[in-house]
Amino acid sequence: MDKMGLEEFLAGCGINRKIKVYKKDKEGGSVYTLKEIGAEYLYALDSVGFRCKLAMDSIAAIEWADGVPDRKGPVKKEEAAGLKKLIKEKNDLRDKANLDTLELFRNEISILSEKVDSALLKEYLTNSRSRMVLLDEMQAEEFLVSFQKMFERGEIDRYVMHIGSMVVCIAGRKFKECIAQCFQMLHGADRRENKRKGYLCLAYVMNRLKDEDQSFYWLEKYFLEGTQILREDSSYPLWWRYLANTVGFGSFERLGGILQQVYEFDKNLAYESLAYVLAQNNAQRQANYLVSCMEQAELSWDTLHGAYQKLDSEKDNKYHRFLKCADDILSNGKYKTYDKDQGIDGLVYEYVPMRSYGFIIGYDMIKYFFHSECASPRVIKDIKASICTIKSVEEEELCKVAFSRNSECKRVYEAYDVV
């Protein structure tokens, strides 16, 4: 097959779409999930989820295994130029997205800095360089008590108290307490805007803990709860970070509802946003089509929704198993905090047999790393039988375990004595 013809063919397919590949040296075709198009290779997942590299020169033919995109034919130069400009602008905004407390919670931090008596705490809250310095346990406890007293005296509301406590807990590496603060804020939210603050706090904390799954999960909930921020600032960097992450996680199911919210008050932004996602997902033809539609006076919801339906979520990856586990914990009232480091319950959402390690999402919504040496052979066998099969994530049984944890967090909390 002609190499340029192959690349052009795939450009209309999109990342995370199913393709059927026919090799030159084999009869019959194999189905893969396309992940990336390189200069010489296609990078894809096979039917059991293993990543593989397919040399373009070895491919005899290729077809879509889940339907052919509607739009065909060459892309017009002016459309391609318009899309290229849009992608560059939005990537620049995405790269400016900074999950930093002073940026995200400027009003609350400002209120706290005006109210506190401690010169050290005031400096810590307002100086970004100070916030890079870890607080010792005594300092952190002093600050937390100070916030509580300010709340009791009616000087600050509970949301300002929780956000201040969250900042201090992170600086003191009290991550378990920090996550608990976020959930206290969330569970006590009496207004939609306060619930959105809770989601944003959790996205921020999980980002600090390098938990990309949860950071994306909570950021998506933030936008699901409302897109008011985009009415005020359509260039809001976190929006473009969220959109790029939908592609990275292969998760588009909830994007449609959010885009519908945006469409109601800014049709142009809704079209730009979906064009950006489609282009990042390597569906260039559909992205170009939306860009060309933006020149029209009437931007139809049917056109936007039709293009959105071309996005195909990758429902059998690690993130979607995490999503299933997180929704089970939160929807069924299983969330709880643990005062002790033993007797913790959770759900295994990833296990890598070749490297003998995995991850658990605890009922406290903390991610835990574990090694196979920290579990009995029977438990590892049960884990493999639950989530290391050819079943779809939807068909898999939830894999519940109990475990103990290390009290200190280095890069991630660790679980042991997994049963």
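All heavy atoms count here, side chains included; hydrogens, waters and symmetry mates do not.
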Practice problem: Go through the steps for Phe359 and Tyr368 under the test ring pair (Phe, Tyr, Trp, His ring centres under 6.0 Å), then give the verdict. | Solution: CA-CA 6 Å; Phe359 290 96; Tyr368 296 92; over 10 Å; no
Quiz item: Taking NZ, NE, NH1 and NH2 as the nitrogens, is one of them in Asp92 or Lys88 under 4.0 Å from a carboxylate oxygen of the other?
Solution: yes
Quiz item: Between Tyr276 and Glu272, does any side-chain donor sit less than 3.5 Å from a side-chain acceptor?
Solution: no
Exercise. Please confirm whether the backbone N or O of Glu395 pairs with a side-chain atom of Ser392, one donor and one acceptor, at under 3.5 Å?
Key: yes
Practice problem: State which residue, out of Ile111, Ile163, Leu112, fulfils the side-chain contact (heavy atoms from CB on, under 4.5 Å) condition with Phe105. | Solution: Ile163
Self-check item: Expected output: side-chain Asn207 to main-chain Ala203 donor-acceptor under 3.5 Å
Solution: no
Self-check item: Salt bridge Arg321-Glu350, side-chain N to carboxylate O under 4.0 Å
Solution: no
Practice problem: Without swapping roles, check the side chain of Arg196 against the backbone of Gly226 for a donor-acceptor pair under 3.5 Å. | Solution: yes
Quiz item: Could you walk me through whether Glu253 and Ser251 pass the side-chain hydrogen bond (donor to acceptor under 3.5 Å, both in side chains) check?
Solution: CA-CA 6 Å; Glu253 299 100 321; Ser251 183; 3.3 Å; yes
Quiz item: Is any side-chain N of the basic residue among Asp328 and Lys324 closer than 4.0 Å to the acidic one's carboxylate O?
Solution: no
Quiz prompt | Aromatic ring proximity His187/Tyr335, centre distance under 6.0 Å | solution = yes
Practice problem: Mind telling me whether Tyr199 and Trp218 have parallel, tilted or perpendicular rings, with 30° and 60° as the class edges? | Solution: parallel
Practice problem: List the steps and the verdict of ring pair (Phe, Tyr, Trp, His ring centres under 6.0 Å) for Phe322 and Tyr217. | Solution: CA-CA 9 Å; Phe322 161 78; Tyr217 178 79; 5.6 Å; yes
Exercise. Answer yes or no: does atom CD of Glu152 have more than 12 heavy-atom neighbours from other residues, nucleotides or ligands under 6.0 Å?
Key: yes
Practice problem: Would you verify whether the NZ or CZ of Lys53 falls within 45 degrees of the ring axis of Tyr41 while also being under 6.0 Å from that six-membered ring's centre? | Solution: yes
Quiz item: Do Arg285 and Asn288 have a side chain donor and acceptor closer than 3.5 Å?
Solution: no
Quiz item: Do you see a donor-acceptor pair shorter than 3.5 Å between the side chains of Asn317 and His320?
Solution: yes
Quiz item: So, Gln280 versus Asn91: side-chain donor-acceptor pair below 3.5 Å or not?
Solution: yes
Quiz item: For the atom pair CG (Leu42) and CD1 (Ile19), what is the distance rounded to the nearest 0.5 Å?
Solution: 5.5 Å
Quiz item: Do Tyr263 and Leu269 touch side chain to side chain, with heavy atoms closer than 4.5 Å?
Solution: no
Return all side-chain donor-acceptor pairs below 3.5 angstrom for residues 136-145, not counting sequence neighbours, or 'none' if the list is empty.
residue: Asp136; atom: OD1; partner: Met138; partner atom: N; Å: 3.1
residue: Asp136; atom: OD1; partner: Gln139; partner atom: N; Å: 2.7
residue: Gln139; atom: OE1; partner: Asp136; partner atom: N; Å: 3.2

Self-check item: Min side-chain heavy-atom separation Leu202-Lys221 under 4.5 Å
Solution: no
Exercise. Test Phe370 against Tyr416 for ring pair (Phe, Tyr, Trp, His ring centres under 6.0 Å), laying out the working first.
Key: CA-CA 6 Å; Phe370 73 96; Tyr416 60 94; over 10 Å; no
Quiz item: Counting distance only, does the side-chain N/O of Asp157 pair as donor-acceptor with the main-chain N or O of Val160 below 3.5 Å?
Solution: yes
Exercise. Rounded to the nearest 0.5 Å, what's the gap from CH2 on Trp301 to CG on Leu304? Could you check?
Key: 5.0 Å
Exercise. State whether a side-chain donor-acceptor pair under 3.5 Å links Gln342 with Ser404.
Key: no
Self-check item: Sub-4.5 Å side-chain heavy-atom contact between Ile179 and Asp364
Solution: no
Practice problem: Might you confirm whether atom CD of Glu396 has over 12 heavy atoms from other residues, nucleotides or ligands at distances under 6.0 Å? | Solution: yes
Quiz item: Hey, what's the ring geometry for Tyr236 with Phe223, parallel, tilted or perpendicular (30° and 60° as the breaks)?
Solution: perpendicular
Quiz item: Looking only at side chains, do Tyr413 and Asp211 share a donor and an acceptor under 3.5 Å apart?
Solution: no
Exercise. Answer yes if the side chains of Ser110 and Glu108 hold a donor-acceptor pair under 3.5 Å, and no otherwise.
Key: no
Self-check item: Candidate pair Tyr363 and Tyr338, rule ring pair (Phe, Tyr, Trp, His ring centres under 6.0 Å), full reasoning
Solution: CA-CA 9 Å; Tyr363 282 7; Tyr338 296 90; 7.6 Å; no
Quiz item: Is the shortest distance from a Lys or Arg side-chain nitrogen in Lys318 or Asp213 to a carboxylate oxygen in the other one below 4.0 Å?
Solution: yes
Quiz item: Within the distance-only criterion (no hydrogens, no angle test), does the side chain of Lys195 pair as donor or acceptor with the backbone N or O of Met185 below 3.5 angstrom?
Solution: no
Quiz item: Does the Ser313 side chain pair with the main chain of Phe252, one donor and one acceptor, at a distance under 3.5 Å?
Solution: yes
